[in-house]
Amino acid sequence: MLDKYNFRESEPKWEKFWQENNVNSFDKNSKKEIFSIDTPPPTVSGKIHIGHIFSYSQADFVARYKRMRGYNVLYPFGFDDNGLPTERLVEKEYGVKAHELSREEFQEMCMNTVEKYEKEFKELFIRDGISADWAHSYNTISKRVQKLSQKSFLDLVKKGHAYYGEKPAIWCPECQVSIAQAELESKDIASTFNHIKFYISGSKDYLEIATTRPELLSACVCVFVNPDDKRYAHLVGKKVIVPLYDFEVPVLTDEKADIEKGTGAVMCCTFGDETDLYWQQKYNLPIKEAISDGGRMTSLAGKYEGLKIKKAREEIIADLKLNDLLISQEEIVHAVATHERCGTPMEIKIKKQWFISLVDNKKLFLENGEKINWYPNFMYSRYSNWVDNVDRDWCVSRQRYFGVPIPVWYCSKCGKIILADEKDLPVNPLTTKPSKTCECGSTDFIPESDVFDTWQTSSITPQINAMWGEDDEMYKKIMPMSLRPNAHDIIRTWDFYTIAKSYYHSNCLPWKNVMVSGFVMADKNEKISKSKSNSKMSPEMLLNEKSADVTRYWASTGSLGRDIVFSEEEFKNGAKLVNKIWNASKFVLSFLENYEPKQTKLLPMDEWIIAKFNQMQKYFIDYFEKYEIGLAMAELERFFWNFCDNYIEIAKNRLYKPEIYGESAKESAQFACFVVLKEMLKMFAIYLPHITEEIYQNYFVRFENIKSIHNTEISAIAVKTPEEIISNGDEVCDIVSKIRRYKSENNLSLKEEIELLTIQGYSNFVKRVEYDIKAVGNVKEIKYQDGDKNIDIKMLNK
RNA sequence: GGGAGUUUAGCUCAGUUGGUAGAGUACCUGCCUUACAAGCAGAGGGUCAUAGGUUCGAGUCCUAUAACUCCCACCA
């Protein structure tokens, strides 16, 4: 019935079949309970790596499980295509710089690139058997999503959660864009502590100050010492002279000046770091800008104007040396906040920007986060840890091109902010004008040219999926969504912002459950990274060389939330399992040709395997309800190998030889084989959708009358089995195992005939299945006696 | 410095409510058994990180400690 299995032919065949037959479709009109998944829209940045395959497969297991447990599953799939990653990709692919082109030209390039990659991504995910409903897909740059993103923004403005303000923002001089706190990454960078002379005004003495950023001397506004620092008490209130620039700054005191650090005296520049910002605000210090948006020195820096930060630092140090102002240098490694995308140390710049308030509502975000079930549970502390530490509002303006426009204008006369009308969305303020005149009567407006941070849009994926503002009934039905699956790196961005937005928009949770998957590591302590190209296998290689099913098996093996090190070895078990499933099915089905399933009087060992199956399924379901997909699989797998190695070995004699054991003994085995294999395959279908479909379509489809195995339901086998059957049957396996051990220890073939088997101390149950024991052990005669549990074997030729 | 995770067989990991230490893999031994040698059967292999405590009984609960990992903070 089944022949050879060739995954290279079979897998794409069924993938096509599923798409054509809408096997994974969400049914809007169904009365079934909805299970909805807020799939992470992958960033279009060129490559999908095996980490994606790993975590998307894990989410897919849940989708398939829920579908087969009778839920109406909404499994949408989006692409996050706007934003910096795409721009960088396009700049690289076309060899252009965004700012050298017109906005339209550049956007068109982006659109083309995005389209190309999204097609590739989609094909790859389909190839992995991801059962998303592609009719419910979206991309963040589409008109529809732009509209929702802008609607979200306007809603926040109206509710007072988004505001326009001139505030210090975190600035990346490399990307020339403002970034959010969540986009910072702390990096250990080698630097030099430079001990510099600040002469005391009107004196030959100097104050020694240690700094890693001498290039900011021109932006120095004062010097701080600790109020308790006796060394400098005499200088407080005096003035010191900034070296090279020869202007005076006051010496002030503040607790934040650390006596232990450096020399205990610190220069405050606007802005070298967050502490400078703190001091500037606390003491209302003047603001001096020494660094331009592009990371070059401004005219304030005098002769260093135009130099890049690093170069300016070198030259200033050289000049300090030359003028005998440098006392000493000390090599250090210190943590520096950098832009996670490019690794450039951040700067602080005062900019007029749009912000979404976060700091004021931290408590509510924590409370809402706590209401969500986090799997594994400890991942909640990642979230709460982050929220606790948030100390700035979310800057959402980006001085970039390919993104959702901020739908506002500013009156050129009175400066009033004009918001776009919701009915006009999506709006591009650069190409359209407000529909009415300004209150001051002016009709001249300055359009906002910034676009949104990409997270401003990605943080409303539940709203996008639930048709917010488009279908109220659907929105009420879907929100909060059932599940958010994502890896642990984006808890602080995607999870956090999404929780915040849902609270602001609808005072609700975005989802009930979060399932956090681990990372695939290239090596211990080494993340897979594109730049290092340390990933030994690409997703394409895995899918084409190992098969999608085997790759998915690999994805099922890790513990939820824990990182795993990639190892090709781990694919061996999957390959063995797939092969075994095929062979076992082939064998079992060879006895089921022309079989018509009918309830028969079952023999005990057939009841046993059914009872074992039902028991295993309970554990399986328990694990799945906790999103423990790996443990669920282990449970199923263990049962399956037991089914093969014990049950089939027992049953096959009755299947082969009805003339000896009787027709009804065969029918009993047939029934058990039929139901157990069928139900087992359904469970395997969650993980191994292709091979199980192949077997199902070859045989079981005509009994189930359902077009795909993936549309069937997982359920217990409805056969009543006696209470004691499991332990009784296990005892039989124990006896069989002892027989095998005897033969193995005596270097005998397992088919060697046993003249006399004496079974001692086992329950009476074994007598009832004597024929099975005889058959599987090739035993001529069995005797029973009382005593401690044991067996004795007599061979003829011994 | 704050938060979290991990530590069980050579390796990768299970171990539910406390009750005689488990699987897979590797190694070793045997078996061509009328599905599968990508198979089957079997053997050896563990002071459950350490030290205390609770308990009749602790891998499991409590307290400390150590090592490794991750997140956050640390830019003078």
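Numbered from 1 within each chain, the chains take letters A, B, ... in sequence-line order.
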Exercise. Taking a pair as Watson-Crick or G-U wobble with both distances under 3.5 Å, which nucleotide is matched to B/C28?
Worked result: B/G42

Exercise. Hey, does the Lys NZ or Arg CZ of A/Arg382 hover above the aromatic six-ring of A/Trp374, less than 6.0 Å from the centre and inside 45° of the axis?
Worked result: no

For this session: Using a heavy-atom cut-off of under 4.0 Å over every strand shown, decide if A/Trp279 touches base, sugar-phosphate, or nothing.
Result: nothing

For this session: Record whether the side chain of A/Ser381 comes under 3.5 Å of the base of B/A4 through a donor-acceptor pair of N or O atoms.
Result: no

Exercise. Under 4.0 angstrom, heavy atoms only, what part of the nucleic acid is A/Asp258 near: base, sugar-phosphate, or nothing?
Worked result: base

Exercise. Does A/Lys362 reach the main-chain N or O of A/Val390 with its side chain, forming a donor-acceptor pair under 3.5 Å?
Worked result: yes

Seminar exercise, completed: Sorted by position of nearest nucleotide on RNA chain B, 5' first, the leading residue of A/Val736 and A/Met267 is A/Val736

Exercise. With a 4.0 Å cut-off on heavy atoms, is A/Asn385 in touch with a base, just the backbone sugar-phosphate, or nothing at all?
Worked result: base

For this session: Give the ring-plane orientation class for A/Tyr627 versus A/Tyr375, where under 30° counts as parallel, over 60° as perpendicular and anything between as tilted.
Result: tilted

Exercise. How is A/Lys738 classified with respect to the nucleic acid when contacts are heavy atoms under 4.0 Å: base, sugar-phosphate, or nothing?
Worked result: nothing

For this session: May I ask you to verify whether the side chain of A/Ser186 and the base of B/C74 hold a donor-acceptor pair under 3.5 Å?
Result: yes

Exercise. With a 4.0 Å cut-off on heavy atoms, is A/Ala634 in touch with a base, just the backbone sugar-phosphate, or nothing at all?
Worked result: nothing

Problem set entry | First encountered from the 5' end of RNA chain B, between A/Ser191 and A/Tyr623 | A/Tyr623

Problem set entry | Under 4.0 angstrom between A/His334 side-chain N/O and B/A76 OP1 or OP2 | yes

Problem set entry | N/O (side chain, A/Lys572) to phosphate O (OP1/OP2, B/A26) under 4.0 Å | yes

For this session: Could you check whether the rings of A/Tyr283 and A/Phe224 sit parallel, tilted or perpendicular, using 30° and 60° as the cut-offs?
Result: tilted

Exercise. In whole Å, what separates the C1' atom of B/U7 from that of B/A14?
Worked result: 15 Å

For this session: Would you tell me if any nitrogen or oxygen in the side chain of A/Lys580 comes within less than 4.0 Å of OP1 or OP2 on B/C40?
Result: yes

Exercise. Does B/G3 have OP1 or OP2 sitting under 4.0 Å from an N or O in the side chain of A/Ser384?
Worked result: no

For this session: Take atom C1' in B/A43 and the same atom in B/G30, then report the distance between them in whole Å.
Result: 10 Å

Exercise. What's the closest nucleotide to the A/Thr212 side chain, out of B/A43, B/C36, B/C75?
Worked result: B/C75

Problem set entry | Selected nucleotide, minimal atom distance to A/Asn573 side chain, candidates B/U25, B/A43, B/C75 | B/U25

Exercise. Within the structure shown, what part of the strands sits under 4.0 Å from A/Lys657 by heavy-atom distance: base, sugar-phosphate, or nothing?
Worked result: base

For this session: Tell me what A/Glu637 touches on the nucleic acid: a base, only sugar-phosphate, or nothing, going by heavy atoms under 4.0 Å.
Result: nothing

Exercise. Do the ring planes of A/Tyr383 and A/Tyr380 sit parallel (below 30°), tilted (30 to 60°) or perpendicular (above 60°)?
Worked result: tilted

Exercise. Using atom P of each nucleotide, how far apart are B/G15 and B/U6 to the nearest Å?
Worked result: 10 Å

For this session: Report the distance from atom CD1 of A/Ile189 to atom P of B/C74, rounded to the nearest whole Å.
Result: 14 Å

For this session: With the side chain of A/Glu570 defined as its heavy atoms from C-beta on, choose the nearest nucleotide among B/A41, B/U12, B/A76.
Result: B/U12

Problem set entry | A/Tyr619 and A/Phe639 aromatic centres sub-6.0 Å | no

Problem set entry | Output field: ring centroids A/Phe700/A/Phe674 closer than 6.0 Å | yes

Problem set entry | Atom C1', compared across B/G46 and B/G59: separation rounded to whole Å | 11 Å

Exercise. Rounding to a whole Å, what distance do you find between A/Asn646:CG and B/C40:P?
Worked result: 11 Å

Exercise. Under 4.0 Å between a side-chain N/O of A/Arg382 and OP1 or OP2 of B/C72, yes or no?
Worked result: no

Exercise. Atom CD1 of A/Ile348 to atom P of B/A76: distance rounded to whole Å?
Worked result: 13 Å

For this session: Start with the C-alpha distance between A/Glu331 and A/Phe193, add both sets of side-chain angles, then the distance that settles side-chain contact (heavy atoms from CB on, under 4.5 Å), and finish with yes or no.
Result: CA-CA 6 Å; A/Glu331 298 300 317; A/Phe193 231 157; over 6 Å; no

Seminar exercise, completed: Between CD1 of A/Ile691 and P of B/A38 the distance, given in whole Å, is 17 Å

Seminar exercise, completed: Rounded to whole Å, the CZ-C1' distance (A/Phe591 to B/C36) equals 13 Å

Exercise. Parallel, tilted or perpendicular for A/Phe61 and A/Tyr687, by the 30°/60° rule?
Worked result: tilted

For this session: Look at all strands and tell whether A/Arg638 reaches a base, only sugar-phosphate, or nothing, counting heavy atoms closer than 4.0 Å.
Result: nothing

Exercise. How far, in whole Å, is B/C31 from B/C56 if one measures between their C1' atoms?
Worked result: 48 Å

For this session: Choose from B/U33, B/A76, B/U12 the nucleotide whose nearest atom is closest to any side-chain atom of A/Lys751.
Result: B/U33

For this session: Any strand is fair game: report the nucleotide pairing with B/A49 by Watson-Crick or G-U wobble, both distances under 3.5 Å, or none.
Result: B/U65

Exercise. Choosing from B/A38, B/A76, B/U6, which nucleotide comes nearest the side chain of A/Arg562?
Worked result: B/U6

For this session: Select base, sugar-phosphate, or nothing to describe what A/Leu631 touches, counting heavy atoms under 4.0 Å on all strands.
Result: sugar-phosphate

For this session: Choose from B/A41, B/A76, B/A73 the nucleotide whose nearest atom is closest to any side-chain atom of A/Asp645.
Result: B/A41

Exercise. A/Lys576 near the nucleic acid: base, sugar-phosphate alone, or nothing, with a heavy-atom cut-off under 4.0 Å?
Worked result: sugar-phosphate

For this session: Would you mind classifying the nucleic acid contact of A/Ala335 as base, sugar-phosphate or nothing, using non-hydrogen atoms under 4.0 angstrom?
Result: base

Exercise. A/Ile791 CD1 to B/G42 C1': how many Å, rounded?
Worked result: 14 Å

Exercise. Can the ring centroids of A/Tyr206 and A/Tyr199 be said to lie less than 6.0 angstrom from one another?
Worked result: yes

For this session: With P as the reference atom in both, quote the distance from B/C62 to B/A26 in angstrom, rounded to an integer.
Result: 37 Å

Exercise. Roughly how many Å is it from CZ in A/Phe496 to P in B/C71, rounded to a whole number?
Worked result: 19 Å

Exercise. Which part of the nucleic acid, if any, lies within reach of A/Thr263 when heavy atoms closer than 4.0 Å are counted: base, sugar-phosphate only, or nothing?
Worked result: nothing

For this session: Measure from CE on A/Met521 to P on B/U6 and round the result to the nearest Å.
Result: 16 Å

Exercise. Which one, B/A76, B/C40, B/A43, comes nearest to the side chain of A/Glu745?
Worked result: B/A43

Exercise. According to the Watson-Crick and G-U wobble definitions, with both distances under 3.5 Å, which nucleotide is paired to B/U34?
Worked result: none

For this session: Any strand is fair game: report the nucleotide pairing with B/G19 by Watson-Crick or G-U wobble, both distances under 3.5 Å, or none.
Result: B/C56

Problem set entry | P gap between B/G3 and B/U65, integer Å | 13 Å

Exercise. When you compare B/C61 with B/C68, how far apart are their P atoms, in angstrom units rounded to a whole number?
Worked result: 24 Å

For this session: Check every strand shown and say whether A/Cys268 touches a base, only sugar-phosphate, or nothing at a heavy-atom separation below 4.0 Å.
Result: nothing

Exercise. Under 4.0 angstrom, heavy atoms only, what part of the nucleic acid is A/Met346 near: base, sugar-phosphate, or nothing?
Worked result: base

